[in-house]
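Below is one structure; the comments refer to it alone.
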Amino acid sequence: MIIFKEITPLKEAILQFKSNGESIGFVPTMGALHSGHISLIKESLKNDNITLASIFVNPAQFNDQKDFEKYPVAIENDIFLLEQAKTDMLFLPSVNEIYPEGLSSPVKYGLGYLETILEGFYRPGHFQGVCRVVHRLLDIIKPDDLFLGQKDYQQCMVIRKLLTDFSIPTQLYIVPTERETSGLAMSSRNLRLSVEAKQKASVIYDALNFIKKHSADTPFTVLKGHALSMITDAGFEKIDYIEICDATTLMPFEDYNKNNKTIALAAAFIEGVRLIDNLLIN
Ligand code: PAF
């Protein structure tokens with residue numbers, strides 16, 4: 001695996017591959033890699049000639065400075081995992097390389113409703129920061145394909161909008177969530193949980209499955225109330241949301257309709273760690 005820390009040599013290598021007719025698959029990450037990330041790499045290897053991963057803990061997308069400071073860093077292990085998975089190239093830029101003009105940005109992405117609900121509501125400014133870094137990375141790399149995990153479902157919808165709004169000719173692949181055997185969605189944040197909390201945390205997936213199982217025969221308000229009790233009873237200290245939404249627009253649904261593509265989403269805190277998950281219902 002070739003590792004690049006600077007943009008200029010990375011661009012030269014990409015140009016070389018492209019002039020040989022090779023397609024580029026891109027997997028952006030913030031490191032602390034786990035098998036969820038590796039499933040994105042595998043998907044890229046399947047679809048593209050060259051797979052490029054990036055590791056950049058993007059300060060612009062953390063609305064909470066403490067969360068940024070506590071974000072796990074495991075660069076040596078990350079490089080080992082990427083090499084083992086047969087990743088061709090890794091981009092490992094500094095903050096200065098990505099934001100040479102500093103962190104404050106004059107650009108405001110018009111994300112509309114997507115930015116005011118769910119993650120957007122609870123993490124103000126987060127999706128602006130995500131758009132800023134992904135836009136910058138896409139501009140440097142100009143990949144044929146982009147691979148994102150379904151766990152961050154709203155992020156996928158935001159990036160889909162970014163690609164459309166800026167007419168970026170990169171194809172977005174949303175890769176299904178990898179889970180522990182307990183059902184807990186793989187996440188770099190799980191590294192901050194005790195063994196006990198990690199066991200309890202699988203209740204989020206159980207609650208989403210409960211919603212899915214009963215969605216056709218139980219009012220959504222009742223389902224959300226029950227899911228909330230399940231998660232609280234398991235020991236989560238705070239629940240930001242449990243919502244049942246249109247899987248395309250993320251507008252909340254009141255009732256079940258078999259023709260609606262529907263998704264249940266949740267965000268909750270255990271041991272001070274904020275976990276998110278989602279499940280497609282139909
Ligand atoms: O999902 C993530 O890890 C990040 O939000 C991303 C897409 C790498 C942008 O920093």
Side-chain angles (χ1 to χ4, degrees), residues 4-8 10-11 14 24-33 37 40 44 52-73 75 78 89-175 187-189 249-250 267 274 276:
F4 297 90
K5 293 193 168 170
E6 284 164 12
I7 294 169
T8 311
L10 172 71
K11 275 186 163 175
I14 291 172
I24 311 279
F26 176 44
V27 179
T29 82
M30 297 208 298
L33 304 182
H37 296 108
L40 304 180
S44 172
L52 164 63
S54 66
I55 297 179
F56 179 66
V57 185
N58 173 30
Q61 73 184 71
F62 286 84
N63 51 308
D64 175 356
Q65 180 65 21
K66 281 206 198 88
D67 195 25
F68 174 58
E69 282 158 18
K70 280 193 264 169
Y71 203 82
V73 175
I75 194 67
D78 290 349
M89 297 193 280
L90 169 62
F91 184 36
L92 203 56
S94 64
V95 173
N96 203 38
E97 196 71 3
I98 294 295
Y99 302 124
E101 266 128 49
L103 269 178
S104 57
S105 166
V107 181
K108 173 106 174 74
Y109 293 89
L111 298 173
Y113 178 70
L114 267 181
E115 192 175 27
T116 60
I117 45 151
L118 308 170
E119 291 303 290
F121 180 80
Y122 287 97
R123 303 187 66 190
H126 169 65
F127 287 128
Q128 290 294 324
V130 170
C131 281
R132 194 171 166 209
V133 76
V134 174
H135 199 182
R136 173 93 172 112
L137 291 166
L138 291 176
D139 200 43
I140 297 166
I141 297 160
K142 301 192 172 38
D144 297 274
D145 298 325
L146 170 68
F147 298 86
L148 295 175
Q150 191 195 314
K151 189 184 73 83
D152 296 293
Y153 191 82
Q154 193 171 357
Q155 168 170 276
C156 296
M157 298 300 109
V158 164
I159 299 302
R160 175 171 285 165
K161 184 161 169 45
L162 175 82
L163 295 174
T164 309
D165 289 356
F166 287 82
S167 307
I168 300 171
T170 294
Q171 162 111 27
L172 173 62
Y173 287 75
I174 301 174
V175 182
S187 165
S188 306
R189 289 168 200 271
T249 63
L250 289 181
R274 189 171 184 277
I276 61 170

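Count residues from 1 along the sequence.
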**Request:** Kindly determine whether Met89 and Ile14 satisfy side chain to side chain contact (heavy atoms under 4.5 Å, CB included), including the steps that lead there.
**Result:** CA-CA 10 Å; Met89 297 193 280; Ile14 291 172; 4.2 Å; yes
Just verifying a value: how many Å separate [X] [atom1] and [Y] [atom2], rounded to the nearest 0.5 Å?
X      : Y      : atom1 : atom2 : result
Met157 : Leu172 : CE    : CG    : 7.5 Å
Leu163 : Leu146 : CG    : CG    : 6.5 Å
Arg274 : Arg123 : CZ    : CZ    : 6.0 Å
Leu162 : Leu138 : CG    : CG    : 6.5 Å
Ser54  : Arg136 : OG    : CZ    : 12.5 Å
Ile98  : Phe56  : CD1   : CZ    : 5.0 Å

**Test item: side-chain donor near acceptor, Asn58 and Tyr71, under 3.5 Å** =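 Short answer, no.
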Spell out, as yes or no, whether a donor-acceptor pair under 3.5 Å connects the side chain of [X] to the backbone of [Y].
X      : Y      : result
Gln171 : Asp144 : no
Ser44  : Leu40  : no
Asn63  : Gly125 : no
Glu6   : Glu97  : no
Arg132 : Tyr99  : no
Thr170 : Asp145 : no

**Prompt:** Who pairs with Phe121 by side-chain contact (heavy atoms from CB on, under 4.5 Å), at least two apart in sequence or on another chain?
**Reply:**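 Phe121 satisfies side-chain contact (heavy atoms from CB on, under 4.5 Å) with no residue once adjacent residues are dropped.
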**Message:** Just to verify, what does Lys11 make a side-chain contact (heavy atoms from CB on, under 4.5 Å) with, not counting sequence neighbours?
**Reply:**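 With sequence neighbours excluded, Lys11 shows a side-chain contact (heavy atoms from CB on, under 4.5 Å) to Ile7, Ile140, given in chain and number order.
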**Asked** Would one find more than 12 heavy atoms of other residues, nucleotides or ligands at under 6.0 Å from atom CD of Glu101?
**Response**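 Not buried by this count: 12 neighbours or fewer within 6.0 Å.
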Grab the two heavy atoms, one from [X] and one from [Y], that are nearest each other, plus how far apart they are.
X      : Y      : value
Arg160 : Ile174 : NH2-CD1, 3.7 Å
Ile141 : Ile24  : CG2-CG2, 4.2 Å
Leu148 : Pro28  : CD2-CG, 3.9 Å
Gly149 : Cys156 : O-SG, 3.3 Å
Leu52  : Phe91  : CD1-N, 3.9 Å
Gly31  : Ser188 : O-OG, 3.4 Å

**Item:** side-chain hydrogen bond (donor to acceptor under 3.5 Å, both in side chains), paired with Tyr109, selected from Lys161, Gln128, His135
**Value:**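 With Tyr109 as partner, side-chain hydrogen bond (donor to acceptor under 3.5 Å, both in side chains) holds for just one option, His135.
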**Request:** Step by step, work out the side chain to side chain contact (heavy atoms under 4.5 Å, CB included) result for Leu250 and Tyr153.
**Result:** CA-CA 10 Å; Leu250 289 181; Tyr153 191 82; 4.0 Å; yes
**Item:** Ion pair check, Asp64 and Lys70, cut-off under 4.0 Å
**Value:**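 Judged by the 4.0 Å cut-off on N to carboxylate O distance, Asp64 and Lys70 do not form a salt bridge.
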**Residue among Val27, Val73, Thr29 satisfying side chain to side chain contact (heavy atoms under 4.5 Å, CB included) with Ile55** =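 Exactly one candidate clears the test, Thr29.
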Kindly indicate whether the side chain of [X], heavy atoms from C-beta on, has any atom under 4.5 Å from the side chain of [Y].
X      : Y      : answer
Val158 : Val134 : no
Glu119 : Asp152 : no
Phe127 : Leu114 : no

**Request:** Give every residue pair that meets the salt bridge (charged side-chain N to carboxylate O under 4.0 Å, His left out) criterion with at least one member in residues 103-117, sequence neighbours excluded.
**Result:**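 For residues 103-117, and leaving out neighbouring residues, the salt bridge (charged side-chain N to carboxylate O under 4.0 Å, His left out) pairs sorted by first residue read Lys108-Glu115.
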